**Q** 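Quick one: this structure, given as structure tokens, is what I'll be asking you about.
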Amino acid sequence: MVDGINPALSPADLRLERRIFAASHGRDLTPEERETLERIRPPRTYPVRLAIQAYDGPIAMLPVAQLYVRDVPDLSPPEGKDLLQVLWCPFDHPIMPRTLLFWRSAAAVTDILDSPPEPPAVQFDGYLPEPCVLEPEQITEYPDHLELSEELREQLKQWSVPQAAEEGMDPDTYYDCVLSNAPGWKVGGWPAWNSTDPSPQPCSKCGTGMEVLMTVATFEEGDDAGNSWSPYPHPGAGPYPGHRGYNATGVQIGSGYLQHLFVCPAEPEHPHIELMT
């Protein structure tokens with residue numbers, strides 16, 4: 001169900017809108033482009049009348065990521081599986097899309113559809129991922145400062161003073177910005193506690209402490225991290241305007257957050273947990 005304040009658009013219209021914005025970058029829109037954009041998003045009249053739009057029957061999920069163990073060896077899949085497919089619902093459940101994880105054997109995937117089914121509508125633009133080719137890079141990162149002891153935090157702060165001064169940064173935030181959590185999409189690593197405090201994430205089946213499988217990010221780099229985590233060479237702005245920073249996937253979580261997917265390290269096929277930070 002979709003409210004009338006945030007009109008759901010078809011994937012085809014969202015892709016057309018992105019193409020128009022990309023093609024018109026640096027110039028004025030043509031009359032034809034304006035007409036098309038107004039057709040996609042008709043001007044609103046105020047006050048907005050609340051309306052509910054319902055879709056009967058099953059809704060196709062959208063592909064988010066397809067990862068092979070050969071490219072991402074830290075995936076730690078179930079025995080006999082070497083492929084992870086991540087899909088999500090194009091609607092809120094709430095505040096972020098609900099995800100499904102499919103662990104598969106790549107050799108067993110033989111019946112591949114040329115045109116996979118798509119949902120009739122997507123609730124928010126940022127829930128329709130833009131196709132991208134992955135270039136995995138293995139890095140080392142460290143826990144958020146909130147997960148460290150007070151003693152270690154103080155040691156890091158003292159160590160950061162000269163380091164931060166060289167880069168004109170605040171020593172209180174230097175560790176988190178430059179060393180702690182890499183921004184962007186990633187597999188494994190540590191969660192970033194940007195909007196919430198750290199909290200245990202036990203497996204609902206066996207109680208094992210869950211670990212981050214994957215992070216879905218709005219941006220590939222942060223506002224205040226300098227160039228320490230910037231993609232190189234820097235690939236540009238992204239598929240369409242309205243986003244700060246580099247955003248090749250077109251995905252937006254909330255107003256610019258992260259969606260962490262936690263899985264059970266004892267049994268990856270136990271139910272996973274989603275958390276927005």
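Because only heavy atoms are used, hydrogens play no part in the values below, and waters and symmetry mates are left out as well, while side chains stay in. All figures in this text were calculated on a predicted structure; none of them were measured in a lab.
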**Q** Test Q138 against D74 for side-chain hydrogen bond (donor to acceptor under 3.5 Å, both in side chains), laying out the working first.
**A** CA-CA 9 Å; Q138 195 164 31; D74 292 335; 3.0 Å; yes
**Q** Should the pair R70 and Y68 be classed as cation-pi, given the thresholds of under 6.0 Å to the six-membered ring centre and 45° from the axis?
**A**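 Yes, a cation-pi geometry holds between R70 and Y68.
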**Q** Grouping I, L, V, M, F, W and Y whenever their side-chain heavy atoms are under 4.5 Å apart, do W88 and V263 come out in a common cluster?
**A**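 In one cluster: yes.
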**Q** Which value, rounded to the nearest 0.5 Å, describes the distance between E220 atom CD and T249 atom OG1?
**A** 6.5 Å
**Q** Go through the side-chain N and O atoms of S204 and H270 and say whether any donor and acceptor fall under 3.5 Å apart.
**A** no
**Q** Could you tell me whether D13 and R39 make a salt bridge, using a distance below 4.0 angstrom between a side-chain N and a carboxylate O?
**A** yes
**Q** Taking all heavy atoms of S105 and all of G80, pick out the closest pair and write down the distance.
**A**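 Residues S105 and G80, closest heavy atoms: CB-O, 3.7 Å.
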**Q** Of the non-hydrogen atoms in V212 and P191, which two are nearest, and what is the gap between them?
**A**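 For V212 and P191, the tightest heavy-atom pair comes out as CG2-CD, 3.7 Å.
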**Q** For the pair H260 and Q201, evaluate side chain to side chain contact (heavy atoms under 4.5 Å, CB included) and give the outcome as yes or no after the intermediate values.
**A** CA-CA 11 Å; H260 297 300; Q201 303 296 328; over 6 Å; no
**Q** Locate the shortest heavy-atom distance separating Y127 from F91; write the atom from each residue and the value.
**A** CE1-C, 4.1 Å
**Q** For residues E38 and T36, is any side-chain donor paired with an opposing acceptor at under 3.5 Å?
**A**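 The criterion, which ignores hydrogens and geometry beyond distance, is not satisfied for T36 and E38.
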**Q** Please step through side chain to side chain contact (heavy atoms under 4.5 Å, CB included) for the pair D176 and D144, ending with a clear verdict.
**A** CA-CA 6 Å; D176 280 341; D144 189 287; 4.2 Å; yes
**Q** Nearest 0.5 Å, what's the CD-OG distance between E147 and S180?
**A**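 Nearest 0.5 Å value for the CD-OG distance: 8.0 Å.
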**Q** Test your reading of the model: is there a side-chain donor-acceptor pair from S24 to the backbone of R27, 3.5 Å cut-off?
**A** no
**Q** List the atom of A182, the atom of K186, and the distance in Å for their closest heavy-atom pair.
**A** O-NZ, 3.1 Å
**Q** Taking NZ, NE, NH1 and NH2 as the nitrogens, is one of them in E267 or K205 under 4.0 Å from a carboxylate oxygen of the other?
**A** no
**Q** Apply side chain to side chain contact (heavy atoms under 4.5 Å, CB included) to the pair E274 and T99, showing each step before the final yes or no.
**A** CA-CA 8 Å; E274 301 153 344; T99 55; 2.5 Å; yes
**Q** Find out if a path of hydrophobic residues (ILVMFWY) with successive side-chain heavy-atom gaps under 4.5 Å connects M214 to L62.
**A** yes
**Q** Taking all heavy atoms of M169 and all of Y174, pick out the closest pair and write down the distance.
**A**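 Minimum heavy-atom contact is SD-CD1, 4.0 Å.
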**Q** Report the residue from V64, L128, V216 that forms a side chain to side chain contact (heavy atoms under 4.5 Å, CB included) with V251.
**A** V216
